[in-house]
Number of protein chains: 2
Amino acid sequence: MPKRRLDNDFALKAQDRLRAAGLRPTRQRVGLAQLLFNGPCRHLTAEDLFAEAAAAEISVSLATVYNTLHQFVEAGLLREVLAEPGRAYFDTDVSNHHHFFHADTGMLQDIPEDAVVIAALPAAPEGARIGRVEVVIRLEKAGA
Amino acid sequence: MPKRRLDNDFALKAQDRLRAAGLRPTRQRVGLAQLLFNGPCRHLTAEDLFAEAAAAEISVSLATVYNTLHQFVEAGLLREVLAEPGRAYFDTDVSNHHHFFHADTGMLQDIPEDAVVIAALPAAPEGARIGRVEVVIRLEKAGA
DNA sequence: TTTCCTCCTTAGAATCCTTCTAAATTGTTG
DNA sequence: CAACAATTTAGAAGGATTCTAAGGAGGAAA
Ligand SMILES: [Mn+2]
Ligand SMILES: [Mn+2]
Ligand SMILES: [Zn+2]
Ligand SMILES: [Zn+2]
């Protein structure tokens with residue numbers, strides 16, 4: 001019978017993940033990593049994470065939340081999703097998948113990779129290579 | 001032999017287009033419409049258009065440029081394209097097409113509609129309908 | 001063409017999100 | 001522990017966009 005994981009186990013796991021990514025496991029990075037990666041995948045903004053940290057009594061500044069999110073993106077632990085101009089969303093699921101964007105609520109919803117089939121793509125223009133193909137399906141309220 | 005179009009002709013055409021969209025053809029809206037819709041389709045930001053207006057000696061405030069761009073989007077004369085967080089791009093081509101985004105320069109490049117073939121799409125979630133499918137192909141410099 | 005009312009435009013301030021700065025703290029290595 | 005670099009931080013700065021409140025312009029009606 002597997003023991004219930006303790007907070008301490010999570011902290012250790014987060015530390016390893018950070019070290020593997022070449023990032024020093026500081027108090028703040030470990031705390032944020034726990035918030036981000038324990039539990040199911042989701043989408044959040046810097047402000048969201050900052051608020052969660054406050055609620056969890058993880059003391060961290062907003063500047064560090066921004067720094068950390070970008071470092072995690074660089075390290076491949078997070079991905080940034082474009083949905084609205086003027087607000088950056090981060091996705092804890094870095095696997096290949098797409099998104100519904102609910103224009104009325106600003107919410108992102110995952111689309112499993114195989115639900116979108118792209119049968120043809122153009123070649124990259126001269127001097128460039130394709131980095132990622134982002135599909136966002138914009139949703140409106142039904143019955144408009 | 002067709003006469004060369006005069007500025008005045010363009011102004012009249014812009015006026016009609018605005019009236020058809022239910023927008024009063026004010027000095028500012030007519031001027032901006034001429035800048036936007038005479039010539040080939042392209043992508044620009046509010047600041048871009050504001051600068052073009054200044055260069056063309058069309059007197060208009062930045063607030064009005066923003067208001068007008070959004071009104072034109074509402075009216076279906078323009079479409080907004082998401083490429084970078086923190087900056088809104090407007091596209092004078094409202095037909096169905098997709099984009100390359102050059103991450104290094106911030107430039108958008110059109111992809112003809114039939115170069116991207118989407119063979120399967122998920123159904124819209126309950127209570128929503130699909131408004132638009134946006135495909136952005138993110139480009140990096142070759143040889144990275 | 002004048003009047004009248006509404007819609008539109010405007011400068012500047014305000015807001016929002018994000019990044020920068022430079023000083024203090026912390027993690028790591030020896 | 002000492003020494004040093006990496007990290008964090010509060011607060012200021014920045015850039016894009018929106019708001020405010022006051023004046024101006026379009027156009028229907030007389
Ligand atoms: Mn970013
Ligand atoms: Mn907009
Ligand atoms: Zn996702
Ligand atoms: Zn385009």
Side-chain angles (χ1 to χ4, degrees), chain A residues 11-12 14-33 35 43-54 57-75 77-78 80-90 106 108, chain B residues 11-12 14-35 43-54 56-75 77-78 80-90 106 108:
Chain A
L12 286 174
Q15 286 204 356
D16 292 342
R17 209 204 265 255
L18 291 172
R19 267 193 254 270
L23 294 169
R24 271 202 205 170
T26 63
R27 235 178 268 312
Q28 292 83 350
R29 296 210 273 229
V30 170
L32 295 177
L35 290 177
H43 309 109
L44 36 61
T45 65
E47 290 283 354
D48 292 336
L49 183 57
F50 183 61
E52 285 190 21
E57 305 194 62
I58 294 167
S59 163
V60 62
S61 70
L62 183 58
T64 295
V65 171
Y66 275 101
N67 290 339
T68 302
L69 286 170
H70 286 132
Q71 290 154 357
F72 284 11
V73 170
E74 295 274 298
L77 301 176
L78 284 180
E80 201 170 349
V81 183
L82 289 170
E84 285 182 298
R87 177 173 272 92
Y89 289 85
F90 296 86
L108 282 173
Chain B
L12 287 174
Q15 286 204 355
D16 292 343
R17 208 203 265 254
L18 291 172
R19 266 193 255 272
L23 295 169
R24 270 200 205 170
T26 63
R27 235 177 268 311
Q28 292 83 349
R29 296 210 272 229
V30 171
L32 295 176
Q34 289 178 235
L35 290 177
H43 309 109
L44 37 59
T45 65
E47 290 284 353
D48 292 337
L49 183 57
F50 183 60
E52 284 190 21
E57 304 194 62
I58 292 168
S59 164
V60 63
S61 70
L62 183 57
T64 294
V65 170
Y66 275 100
N67 290 339
T68 302
L69 286 170
H70 287 134
Q71 290 153 356
F72 284 12
V73 169
E74 294 273 298
L77 301 175
L78 285 178
E80 201 170 350
V81 184
L82 290 171
E84 283 182 299
R87 177 174 273 92
Y89 290 84
F90 296 86
L108 282 173

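Each chain gets a letter, A, B and so on, in the order the sequences are listed, and its residues count up from 1.
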Going by the rule side-chain hydrogen bond (donor to acceptor under 3.5 Å, both in side chains), which residues pair with [X] if we only count those two or more places apart in sequence or in a different chain?
X     : value
B:T45 : B:D48
A:E84 : A:Y89
B:Y66 : none
B:Q71 : B:R29

Give the rounded distance in Å between these two atoms: [atom1] of [X] and [atom2] of [N].
X     : N      : atom1 : atom2 : value
A:E47 : C:dT19 : CD    : C1'   : 13 Å
A:L32 : D:dT9  : CG    : C1'   : 14 Å
A:Y89 : C:dC16 : OH    : P     : 15 Å
B:E84 : D:dG15 : CD    : P     : 14 Å
A:R87 : D:dT17 : CZ    : P     : 14 Å
B:L69 : D:dA16 : CG    : C1'   : 13 Å

Problem - Per-nucleotide protein contact string for nucleotides 6-11 of chain C, where B marks a base within reach and S marks sugar-phosphate only (heavy atoms under 4.0 Å, - for neither) - result: BBSSBB
Exercise for the section: Report yes if a side-chain nitrogen or oxygen of B:Y66 is closer than 4.0 Å to either non-bridging phosphate oxygen (OP1 or OP2) of D:dT17; otherwise report no. Expected result: yes
Handout entry: Phosphate OP1/OP2 of C:dT19 contacted by A:H70 side-chain N/O (<4.0 Å)
Key = yes
Practice task
Could I get the full list of side chain to side chain contact (heavy atoms under 4.5 Å, CB included) partners for B:A56, not counting sequence neighbours?
Solution key: B:L35, B:I58
Practice task
State the CD-CG distance between A:E52 and A:L32, to the nearest 0.5 angstrom.
Solution key: 9.5 Å
